[in-house]
Structure formats: C-alpha cells, structure tokens
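Given the structure is predicted, the values throughout are model-derived calculations rather than measurements. Naming convention: chains lettered A, B, ... in sequence-line order (proteins, then strands); numbering from 1 in each chain.
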There are 2 protein chains.
Amino acid sequence: MRIGELAERAGTTTRTLRYYESRGLLPARRAENGYRSYDEGDLRLLQQIRTLQDFGFDLEETRPFVDCLRAGHPAGDSCPASLAVYRYKLAELDALIGRLTSVRAEVGAQLARAELEASADLPGGPAPRCELGGQP
Amino acid sequence: MRIGELAERAGTTTRTLRYYESRGLLPARRAENGYRSYDEGDLRLLQQIRTLQDFGFDLEETRPFVDCLRAGHPAGDSCPASLAVYRYKLAELDALIGRLTSVRAEVGAQLARAELEASADLPGGPAPRCELGGQP
DNA sequence: GTATTCCTTGACGCCGACGTCAACGCAAGG
DNA sequence: CCTTGCGTTGACGTCGGCGTCAAGGAATAC
C-alpha cells in the first residue's frame, strides 16, 4: 500500500509518516517508481506509535515498542526496554498529576478567597455577616 | 531601580523582563540615559506574574491580574476578569488531571499485563501456577 | 585613561511534531 | 492531449517563553 492509504487507515497524515521516516522510526520500502510501499506490518507499527502518542509519549519513547514489534515479538511491550519506558512514564505521570493537583487546590483556594472578598465589598456595607451570636 | 536589580529581586532575568515589556505586560519608565526604571509597584506586578506563571498560567492569562493591580485594586484577583481566568483555569486543570489520570490507569494496566506475560514466558515452562486446588 | 560592569537594541536559536507551500514527476481516465 | 490526483523532495512556518550572542553606549572604580 502507498503512503496515502496507510495514513488514512491509521487516521493520520502523509506528512506525519514522512516525518516518522525522517526520524528513522518507520522506514519504508520503495516501489520501482520511487513511491513508498507499506504492508500490514507497518500499519501495526504505526498503530502502536499512535496509541502511545495519544498517551502523551514522546516520539522517541515509542521507539523501543516499535523495535520490539519489528523484532518479531507478539506485542510492542514484550521487551524489557518497553517496560522501562512504561515505568518511567508512570513516574512522570504521577509527578505531573501531583503537581497539577496541588496547583488546582491553590487556585481553587485563591478563587474562593477572592470571591469572598468581592462579595464582602459589593453590597451595601461591609457584609451581611450572617446571623451569628457575636457582638451586637 | 534598574532592570538588573528588579530581575534579581524577583528571581528572574533581564531577558524575561524585556520580553514582558515587548508583550506590553510590564512597560517601564525610562531614565534620562535611556535605562529602564522600575519601582516597588512594578515588583509587585512582576511577582503577580511570576506566581501565576508558576501555576502554569499562560502569559496572556496573567494580564487581567496585572491590569487589576495597576488599576489600584488591593490584589490582582480583585477584578471579575481575574476571577474568570481562575475559573477557566480550574476547568482546564480538572480536564487535564482527568485525562492524565485515565492515561495513568491505562499505562499502569498495560505495564501490569506486560509484566505478567513476561514472567509467564521466562521461567522453565508456562508458569509456576501456584498451588491452587485445581486440576492435578 | 581604562577596566569593569551595567545598560541598550536587534536578531537568531531552541524545542517537538508536525502544517503548509513550492515545484516537480507519474499514472490513469476521458 | 489534458486534467486530475496521487506521489516525490526541500524548506520554511508554527507556538511560548524565553536563552544567547553581537555590537555598542553609559556609569562607576581605580
């Protein structure tokens, strides 16, 4: 199959495939007329790349999976190098999620505080101050 | 104060300050010799920007806070536009954290599965299969 | 005077994963 | 023959937030 068909079947673009080839990730055989020629195996490699990309893996990080598949293994993650990337990625995700979660808490707190102060300034007077048994 | 001092006091670089000015975010007065001149108020503005940047806000998203401070309000988030950015950012953070969390779960599951399959292939035979009361 | 350190503007570099355009070749249908 | 629609390579553009020179002026120390 040619580049356009592969791109369409994988839900990507020809530009992307040429880019992968330029990175040495997905080299293509060539037909007599110079056209790139792909088979079903290439589609599988490409699907592996795309899946990991969707997970947010860097392109380089997909390489062990692709190599693993091309080495004849049943799955891209059947090789130790792939597992290492999984583990690294998990640690990275945990760190990122942790940071974002604490940022979310901070921002949420700031918003709550700012909203309080705003509602305390707007109406007629310092605030309703609710009906607490304080200083009358 | 001049640009170097402001940068140092804010823990950033002169390049960053010039960049902010080029974006119209933190314009500077000029001394007679052409040097940029800042005061304590500018430091406050800059600190506001840096805080939000550390939270992951885009530079443009800090603009309402800076404008708010410059308008004389006690805090950068004392204005409705700032609160709107807070809310937008919270939604964005929630969406991102959600995506990352589901990706983390996916990757974790893939790792577990791949590790299982690896350990089932390596040793002498299909697996130890533990000592369960099964088919002897 | 001169050495040092600050300041000025301008402009290119970087990063990743492509998008987009240019200018061309090749194959097939009418 | 001509058009249409694939393919080819090459090269520049994108985005954000600066880093990193380069070439020069200004203020201070000695």
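The interatomic distance linking A/Leu59 (CG) with C/dC18 (P) rounds to 7 Å, in whole Å. One interatomic measurement links the two molecules: CZ of B/Arg63 to P of D/dG17, which rounds to 11 Å at whole-angstrom precision. C/dC6 atom P lies 12 Å from atom CD of B/Glu5, rounded to whole Å. Atom CD in A/Glu21 sits roughly 13 Å away from atom P in D/dG7 (whole-Å rounding). Counting to the nearest Å, the P atom of C/dC18 and the CZ atom of A/Phe57 are 15 Å from each other. Straight-line distance from the CD atom of A/Glu32 to the P atom of D/dG7: 18 Å, rounded to whole Å. Spacing between atom CZ of B/Arg18 and atom C1' of C/dT8 amounts to 7 Å, rounded to whole angstrom units. For the pair A/Tyr19 OH and C/dG19 P, the computed distance is 11 Å after rounding to whole Å.
Side-chain N/O atoms of B/Tyr35 and base N/O atoms of D/dG25 include a donor-acceptor pair closer than 3.5 Å. With hydrogens and angles left out, the side chain of B/Arg15 and the base of D/dT20 share a donor-acceptor pair within 3.5 Å.
Contact check, A/Asn33 against D/dG7: no side-chain N or O comes under 4.0 Å of OP1 or OP2. Residue A/Gln53 places no side-chain N or O under 4.0 Å from the OP1 or OP2 atom of C/dG16. Taking side-chain N and O atoms only, A/Thr13 has no distance below 4.0 Å to OP1 or OP2 of C/dA17. Proximity of A/Arg23 to the phosphate of C/dA17: no side-chain N or O atom is located under 4.0 Å from OP1 or OP2.
Contacts of B/Arg30 with the nucleic acid, taken as non-hydrogen atoms under 4.0 Å apart, involve only primed sugar atoms and P, OP1 or OP2.
Each of B/Leu90, B/Leu52, B/Val85 was compared with A/Val107 under the side-chain contact (heavy atoms from CB on, under 4.5 Å) criterion, and only B/Leu90 meets it. No option in B/Thr62, B/Leu43, B/Leu69 other than B/Leu69 meets the side-chain contact (heavy atoms from CB on, under 4.5 Å) test with B/Gln48.
Annotation for B/Glu5: atom CD counts as buried by contact number, over 12 foreign heavy atoms lying within 6.0 Å. Within 6.0 Å of CZ on B/Arg87 lie more than 12 heavy atoms contributed by other residues, nucleotides or ligands.
Mapping B/Arg2 and A/Tyr20 onto DNA chain C via the closest heavy atom, the residue that lands nearer the 5' end is B/Arg2.
We find the CD1-OG1 distance between B/Ile97 and A/Thr101 to be 4.0 Å, quoted to the nearest 0.5 Å.
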